[in-house]
Amino acid sequence: MARRIDVRRSVVPYAVDMVRVEFRVLGTLEAVVDGSPVPITSPRQRIVLAHLLMAANHVVTVEKLIGAVWDASPPPSARGQIQICISALRRALGSPEIIDTNPLGYSIRVARQQLDYLMFDDALAQGRSAAAKGRLDEALTHLDRAIGIWSGPALGGVPGRAAEVVSHRLEERRIMALEDRAEIRLGLGGHRELVEELVALTTEYPLRERLWGFRMLALYRSGRQAEALATYRTARTNLVGELGIEPSQYLRKLERAILSQDSSISGDVDDRRTTGTATSVHRPQELPADLPDFVGHAALIDALTATLTSEDTKQVPIAVITGAPGCGKTSLALHVAHLLRTRFVNGSLYACLYGSTAQPRSTDAVLSDLLHGLGVAPAEIPVARGQRINLLRSQLATRRLLIVLDDVGNEDQIADLLPGVPGPAVLITSRRRLAGIPGARAVDVDMMSADESLTLLGRICGEQRVAAARDAAAELTRMCGGLPLAVRIAAVRLAAHPHWAVGTLLDRLRDERFRLDELSHGDVAVRSLLADVYESLTVPAQTLFWLLSALEIHEFSAWAAAALLDCDTKQATALLDELADARLLEAHFSPLTRQPRYRFHELVRVFASEHRLTQDDREKCTAAITRSLGALLAFAEEAHQRIYGGRFAVLQGTAPRWAGARAEFDRFLGDPTAWFDEERITLEVAIRQAAELELDELCWELAIVSVTMYERRGLFAEWRTTHNIALEATGRAGNRRGDAAVLASLGSLGIAQHAEDDGENLLHAMSLFDAVGDQVGSALTLRNLAHLDRIQGRPAMAVLRYEQALEKFRTVGDLGAQAHVLSGLARSHLDLGSPQRAEVLAKESLALGEQLGNRRLQAQALYRLGEVFAGSGQSLAAKAVFQSALDLARAQDDRVGQSYALNGLGGAMLEQNEFTAAEVHFSEAVEICRMTHERNVHAHALFGLGRVYLGRGEFDTAEHFFVQAANAFAMQENSPWHSRSIEELGALRRAAGRLPARGRNEPTGQR
């Protein structure tokens, strides 16, 4: 067995966790590896690195990188040159894994403490959060740290218009941080020391009105009234001269306050918070109590604070908090409202509208409550609705107050409650996103993180208690699914039972049948909260809700729901959206299939299962599950056909396909490969569920069709796991044809993995297919046995079995399978040293592909023909044929086919010493293989890159790629190519003068 080589330069030093990489963008762009700056002198590489860093841990598309480097006129080789830049950056950073490849582009993996921009953002957010909570000294510390991270203009040394735009955006954030720091220093009474800094800042940024206001206040509070007024005149001159506009109301009010020596601006808080005076003696303070143990949501608090305290004089500040039942929307709203009490000098109003229940409050009733809260006597509240609305708007127009509207059902419920002119601010909570409210800023409350859940648990039931049983506490919060209400109830129950261990409640929650019973305390319960929402649904939505819980899949598309109800996807989508709007389902948009996807929160799924078990209609439920699994099978088969260009060389059983699936194929299978990627987990779970329900035909057919994905993605563990499940299911059912199909597929897996059981499984499958008289199954198994013979160095036996398989496929009339077999025959004859016979067979395969109009088969036959030409020294002909294969593969977005063709083309270019072209093709093959997990081509392309750099005399880079290739071949236990890589590595080191001829340190490969 081949072993990983042990050489001076193995792949280990390139692993992410073996080097410490830091990046700086807030100044000159710089990468620091293990404490030493790394020179990145190429302008293109600097542009690519800058754009990856500015989207750290997120994918940047290749198209965006091309646009950043070349603007509107990229060269034809742009994609290949981007791949070369990525490869060069990986080498420069000493960590190939730090830049991930994605089907859409690339992403750079960095922790927040590795990138100065993210550290700046964190410090800024912490400072603003502390300021909102009144902790000004702490806020100043954070802001000083944030500003101190900067060393000069952002992205220094990065050329291009795109980088300039990003640099301006970063500079704006720095100025805002400077403004925030100045405001806090004013609040702390540091006006005298601040004057000099503000003079410099207003000189550098003469159009920033906020800075001019701070400078006026600092001067006035330092006893320099005349200079403060002169500052206003300077600011006005700048604004009128540069922009042709008068100063804002903020500056004008501040000037009047200074002229009149208004006492409200002489203290530590600036006039924007204190100069407003109430127009009514009545100052409502209707907010319910804040939670003393509130945890998390620092970023959301900052966003809400910024929105509600906006100085925009053109519109009313409105913020909407949305989220699932029990996620803490109201808690967050009240927490923010209490933090901002001093900012709203005329008080606060609060109204709960019960919009998520079956009996929401009427707008008229809420109008009366708000008017009463503003001090309007009941006898003075008009009867006519229009007059009430006008009176409310008049009362609100002159007041600086905060209005909290809790649990809003829809836009119509509050349209007449919103202020007409700026002055008040409105904070709304709703399960719906309320996109119809003009100018509203929406924030979505997510579930609590594991750490936040543990913190909340500890604050309520005791931090020492949680620390003493941290594993049990972590599992307890996991069962709560991060739902704040559930975590709070669990914590309160523990606090109410101090004699319980944390594990006591954990054991009670383990049984799903009683989990919701345990998550209740007094009048507060997760079940009752969900029940209120469930009762507000239409009957069809309720039915779909509990039927969905019968599926064990983690998330689903509209077609799965349509199959459950046996309706079209338009109806199903409407019901799914109703459930998502009620937040009983979580919805997100899939970038792979470009369709909505839905999933349950864990506790909501438990609640739905409870309702399903009350229906007492087992047959209806089983039929619905069978339809949905049958829909999955129909989609998977169609995806397979679209990927391979037809239905050939495949086995089909008798499992029912959902009849409605065909009408939806085009909508969901625009990219069949992406569909398989999206449904990868779904397929495995469905195979398990089919086995549990004793649906053995569905089980083995789903397993077999999934091989399309497992093979293309190199998911060998999942391939074996699902097939073992299917084999158990067919064995229990006595399904011999199903047994044979699964064993034949396991034999193919064994070939891919070089496993010892591959031939045994194939021979067993062969005997079963012969016993049941299945010609197609027998032919497929013979083909796989022939392939095994070929790769194990038995070309003569391979030819014999290929010819037997070909005869059987001709008998059943499967032209596509014949084309496959002819291609394998061609390769075997080439291995036997008969290139002329190989050429004839490859051309026969190509002719069949053309007869069928199947471009994928044509591309595969062209690739084989290219191998024949390359093997017989016809490099020019090989180059032309490989290019044709590549063009066909690209036309149908066959990424695996592209990788093979690119690797062949790179080899042909290399034979003619076209090093640059060969590098581009090998590099593109490597990138595609990273995405598709195609291990064989990946190893050969790495080897090809080693040869490219060796030919150029770049020994360090060549050595790097030969080491990678050797390790890749060793992982595949490909002994011949592993040995060849070792030989190339030794020859390279001798050529570079690093080893004597046959030196004792030369790697020996296999041992």
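Below, each value reflects all heavy atoms present in this structure, side chains not excepted, and no hydrogens, waters or symmetry copies.
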Could you give me the CA-CA distance, side-chain angles and deciding distance for E164 and R161, then say whether salt bridge (Lys or Arg N to Asp or Glu O under 4.0 Å) is met? CA-CA 5 Å; E164 186 178 351; R161 185 175 57 188; over 6 Å; no
Run D180 and R210 through side chain to side chain contact (heavy atoms under 4.5 Å, CB included) and show every step you take. CA-CA 10 Å; D180 288 348; R210 195 177 175 202; 3.0 Å; yes
Steps toward side chain to side chain contact (heavy atoms under 4.5 Å, CB included) verdict (S453, M448): CA-CA 6 Å; S453 297; M448 300 178 76; 3.6 Å; yes
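- Not one N or O on the side chain of D290 forms a donor-acceptor pair closer than 3.5 Å with the backbone of H338.
- A 4.5 Å side-chain heavy-atom check between V21 and V32 finds every atom pair outside the cut-off.
- At a cut-off of 3.5 Å, with distance as the only test, a side-chain donor of Y598 or D577 sits close to an acceptor on the other residue.
- Comment: R173 engages D121 in a salt bridge, judged by a side-chain N to carboxylate O separation of less than 4.0 angstrom.
- Here the shortest heavy-atom pairing between A473 and V466 reads CB-CG1, 3.8 Å.
- Looking at V320 and R441, their side chains never come closer than 4.5 Å, going by heavy atoms from C-beta outward.
- Other residues, nucleotides and ligands contribute more than 12 heavy atoms inside 6.0 Å of the CG atom of D100.
- Separation of atoms OG1 (T309) and CZ (F344) is listed at 7.0 Å; rounding is to 0.5 Å.
- Separating the CG atom in L476 from the CG atom in D471 is a distance of 12.5 Å, to the nearest 0.5 Å.
- Heavy-atom minimum distance, S167 versus A154: OG-O, 3.0 Å.
- The closest side-chain heavy-atom distance from L332 to I301 is below 4.5 Å.
- No donor-acceptor pair closer than 3.5 Å links the side chain of E204 to the backbone N or O of L201.
- L207 CG: more than 12 foreign heavy atoms inside a 6.0 Å radius.
- In this structure, H168 contributes its side chain and V166 its backbone to no donor-acceptor pair below 3.5 Å.
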Apply side chain to side chain contact (heavy atoms under 4.5 Å, CB included) to residues I108 and L49 and explain how you reach the verdict. CA-CA 9 Å; I108 191 163; L49 178 60; 3.9 Å; yes
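- Side-chain contact check for N346 versus L402: every heavy-atom pair is 4.5 Å or farther apart.
- Closest heavy-atom contact between A125 and D302: O-OD2, 3.0 Å.
- By the side chain to side chain donor-acceptor pair (under 3.5 Å) test, Q126 is found to be paired with H142, R145, residues two or more places apart in sequence or in another chain being considered.
- The side chain to side chain contact (heavy atoms under 4.5 Å, CB included) test with L418 is passed by exactly one of V316, I403, L396, I437: I437.
- The nearest pair of heavy atoms linking V487 to C480 is CG2-CB, 3.8 Å.
- Ionic pairing of E171 and R174 is present here: one or more N-O contacts between side-chain nitrogen and carboxylate oxygen are shorter than 4.0 angstrom.
- Taking each heavy atom of A351 and L370 in turn, the nearest pair found is CB-CD2, 4.3 Å.
- A side-chain donor-acceptor contact under 3.5 Å links R583 and T322.
- You'll find the side chain of Y106 stays beyond 4.5 Å of the side chain of V60, heavy atoms only.
- Taking CH2 of W150 as the start and CZ of R24 as the end, the distance is 15.0 Å to the nearest 0.5 Å.
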Could you walk me through whether L304 and L340 satisfy the side chain to side chain contact (heavy atoms under 4.5 Å, CB included) test, starting with their C-alpha distance in whole Å, then the side-chain angles of each, then the deciding distance to 0.1 Å, before giving a yes or no? CA-CA 10 Å; L304 292 167; L340 298 179; over 6 Å; no
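- Salt-bridge annotation for E22 and R20: present, with a side-chain N of the basic residue lying under 4.0 Å from a carboxylate O of the acidic one.
- By the ring-ring contact (aromatic ring centres under 6.0 Å, His included) test, F23 pairs with no residue at all, sequence neighbours left out.
- Counting all heavy atoms, side chain and backbone alike, Q285 lies closest to S348 at OE1-OG, 3.6 Å.
- Atom CD of Q113 is surrounded by more than 12 heavy atoms from other residues, nucleotides or ligands within 6.0 Å.
- Put simply, the side chain of P360 does not reach to within 4.5 Å of the side chain of L353, judged on heavy atoms.
- Between L89 and I99, the closest side-chain pair of non-hydrogen atoms falls below 4.5 Å.
- Heavy-atom contacts from other residues, nucleotides or ligands closer than 6.0 Å to NE2 of H588 number more than 12.
- Classification of the F600-F556 ring pair by plane angle, with boundaries at 30° and 60°, yields perpendicular.
- Note: F214 CZ to E209 CD = 12.0 Å, rounded to the nearest 0.5 Å.
- A salt bridge is absent between E475 and R470; no separation between the charged side-chain nitrogens and carboxylate oxygens falls under 4.0 Å.
- We find the OH-CG distance between Y350 and L334 to be 6.0 Å, quoted to the nearest 0.5 Å.
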Tabulate below the donor-acceptor pairs under 3.5 Å that side-chain atoms of residues 424-433 make, not counting sequence neighbours, or state none.
{"unit_1": "T429", "atom_1": "OG1", "unit_2": "D406", "atom_2": "OD1", "d": "2.4"}
{"unit_1": "T429", "atom_1": "OG1", "unit_2": "D407", "atom_2": "N", "d": "2.7"}
{"unit_1": "S430", "atom_1": "OG", "unit_2": "V408", "atom_2": "O", "d": "2.6"}
{"unit_1": "S430", "atom_1": "OG", "unit_2": "R432", "atom_2": "N", "d": "3.0"}
{"unit_1": "S430", "atom_1": "OG", "unit_2": "R432", "atom_2": "O", "d": "3.2"}
{"unit_1": "R431", "atom_1": "NH1", "unit_2": "S356", "atom_2": "OG", "d": "3.0"}
{"unit_1": "R432", "atom_1": "NE", "unit_2": "G409", "atom_2": "O", "d": "3.2"}
{"unit_1": "R432", "atom_1": "NH1", "unit_2": "D581", "atom_2": "OD2", "d": "3.4"}

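- One finds the NE2 atom of H554 at 11.0 Å from the CZ atom of R599 (value rounded to the nearest 0.5 Å).
- Taking the side chain as every heavy atom from C-beta outward, R459 and V295 approach each other to under 4.5 Å.
- A donor-acceptor pair is defined here as one N or O able to donate and one able to accept, closer than 3.5 Å; no such pair exists between the side chain of S310 and the backbone of T307.
- Note: F294 and H335 have parallel aromatic rings, judged against thresholds of 30 and 60 degrees for the angle between ring planes.
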